[in-house]
Amino acid sequence: MELEKIQYPVSPTVPKLVLDNLIAAIENGKIRVGQELPPERELADKFGISRNSLRESLSILNFIGIVENRGNRKVLVKNADYFRKANSLLELSYSPDTFTDFMEFRRTNEREIARLACQRATEEDLERLRKSVERLERDETDYLADVQFHVDLACASHNTIFATMLDYVNCLILELRMRFFEREDYHGKTAEAHRRIYEAVKARDEELAVYEMGRHLKIIENYEDQGTTESGVKA
């Protein structure tokens with residue numbers, strides 16, 4: 001399968017590069033829905049990126065339901081139109097103008113999610129949260145464990161709107177999370193914050209859970225501010 005690489009006037013982020021090139025391959029009939037993607041080595045060489053960067057991009061596509069893992073194979077399961085919508089989500093995630101909007105959404109909703117989880121979480125919910133916390137503590141590169149904790153917490157609120165919206169928003173900010181995990185101490189502070197939130201929910205301490213969630217989100221904002229100060233632009 002011969003894929004053509006798109007030429008850009010300015011270098012794009014890696015996930016956008018992968019998405020754009022796969023959209024072009026679908027439109028040109030070189031990849032079809034239900035078809036297995038070419039081997040990672042071939043894709044990485046064609047796109048001019050490392051295999052690790054390709055895997056990170058494919059993990060995003062897997063998370064948002066474009067690619068499915070079937071054993072050792074990666075199969076395309078969505079069409080070009082769905083790809084374009086996913087691409088617009090990723091563009092939002094690395095736009096410096098939307099970070100404040102994301103954080104306002106998260107402060108408003110995730111603190112209330114923490115409160116409701118204290119009231120409504122079942123033993124099964126608490127067990128899922130515990131596993132998410134421990135998964136992140138074990139692996140400092142596992143940014144998807146960070147995602148899973150917040151999704152699990154939203155599910156523990158037993159509010160279907162919160163759970164659906166958090167899942168959607170996590171798609172938007174997944175690429176941002178990947179970049180934050182490259183920063184010094186981010187993993188450690190995030191893992192500790194998740195542990196504190198979990199313990200508060202387990203203890204059914206609503207005020208503490210709300211406080212710890214707010215504290216966690218403030219840490220995230222501080223890391224974004226540090227990125228702006230160090231580079232002169234948003235991370």
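Computation of the quantities below employed the complete heavy-atom set of this structure, encompassing side-chain atoms and omitting hydrogens, waters and symmetry-equivalent molecules.
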Self-check item: Cluster check Y186, M103: I/L/V/M/F/W/Y, side chain < 4.5 angstrom
Solution: yes
Quiz item: Rounded to the nearest 0.5 Å, how far apart are CD of Q148 and CG of D146?
Solution: 10.5 Å
Practice problem: Could you tell me whether E140 atom CD has more than 12 heavy atoms of other residues or ligands within 6.0 Å of it? | Solution: no
Quiz item: Would you call L37 and V75 a side-chain contact if the rule is heavy atoms closer than 4.5 Å?
Solution: no
Exercise. Measure the CZ-OG1 distance between F181 and T190 for me, rounded to the nearest 0.5 Å.
Key: 5.5 Å
Practice problem: Please assess D152 against S132 for the test side chain to side chain donor-acceptor pair (under 3.5 Å), listing each intermediate value before the final yes or no. | Solution: CA-CA 8 Å; D152 288 342; S132 295; 2.5 Å; yes
Practice problem: Answer with yes or no whether the hydrophobic clustering places L43 together with I49; edges join I, L, V, M, F, W, Y residues whose side-chain heavy atoms lie under 4.5 Å apart. | Solution: yes
Quiz item: Do E137 and H194 pass the side chain to side chain contact (heavy atoms under 4.5 Å, CB included) test, and can you show the C-alpha distance, the side-chain angles, and the key distance before you say yes or no?
Solution: CA-CA 9 Å; E137 290 172 340; H194 285 193; over 6 Å; no
Quiz item: What's the verdict on side chain to side chain contact (heavy atoms under 4.5 Å, CB included) for L166 and I113, showing C-alpha distance, side-chain angles and the deciding distance?
Solution: CA-CA 10 Å; L166 253 292; I113 284 170; 3.4 Å; yes
Quiz item: Heavy atoms, side chains only, cut-off 4.5 Å: are H150 and H216 in contact?
Solution: yes
Quiz item: Can E221 and R107 be said to form a side chain to side chain contact (heavy atoms under 4.5 Å, CB included), step by step?
Solution: CA-CA 11 Å; E221 289 180 298; R107 280 196 304 273; 2.5 Å; yes
Exercise. Treating Ile, Leu, Val, Met, Phe, Trp and Tyr as nodes and any side-chain heavy-atom pair under 4.5 angstrom as an edge, say whether F149 and L208 lie in one connected cluster.
Key: no
Quiz item: Would you find more than 12 non-hydrogen atoms of other residues, nucleotides or ligands less than 6.0 Å from E123 atom CD?
Solution: no
Practice problem: Start with the C-alpha gap between R111 and V210, add the side-chain angles, then the distance that decides, and say whether side chain to side chain contact (heavy atoms under 4.5 Å, CB included) holds. | Solution: CA-CA 5 Å; R111 289 187 295 183; V210 171; 4.0 Å; yes
Quiz prompt | Over 12 non-hydrogen atoms of neighbours within 6.0 angstrom of CZ in F105 | solution = yes
Practice problem: Please list, chain by chain and in numerical order, all residues satisfying side-chain hydrogen bond (donor to acceptor under 3.5 Å, both in side chains) with K74, sequence neighbours excluded. | Solution: N69
Self-check item: Expected output: side-chain R115 to main-chain E206 donor-acceptor under 3.5 Å
Solution: no
Quiz prompt | Residues E42, K46: salt bridge by 4.0 Å N-O rule | solution = no
Quiz item: How far apart are the C-alpha atoms of T141 and D139, what are their side-chain angles, what is the distance that settles it, and do they pass the side chain to side chain donor-acceptor pair (under 3.5 Å) test?
Solution: CA-CA 5 Å; T141 66; D139 186 351; 2.7 Å; yes
Quiz item: Taking the side chain from R120 and the backbone from L116, do they hold a donor-acceptor pair closer than 3.5 Å?
Solution: no
Quiz item: Could you walk me through whether R130 and E127 pass the salt bridge (Lys or Arg N to Asp or Glu O under 4.0 Å) check?
Solution: CA-CA 5 Å; R130 182 187 65 79; E127 179 64 10; 2.4 Å; yes
Quiz prompt | D125: side-chain hydrogen bond (donor to acceptor under 3.5 Å, both in side chains) partners, not counting sequence neighbours | solution = T122, R128, H158
Practice problem: Starting at CD of E110, measure out to CD1 of I197 and round the result to the nearest 0.5 Å. | Solution: 8.0 Å
Self-check item: Expected output: side-chain R196 to main-chain R215 donor-acceptor under 3.5 Å
Solution: no
Quiz item: Does R73 reach the side chain of R70, with side-chain heavy atoms less than 4.5 Å apart?
Solution: yes
Quiz prompt | Exceeds 12 heavy-atom contacts within 6.0 angstrom, atom CZ of R41 | solution = no
Quiz item: Between the main-chain N or O of I161 and the side-chain N or O of T164, is there a donor-acceptor pair closer than 3.5 Å?
Solution: no
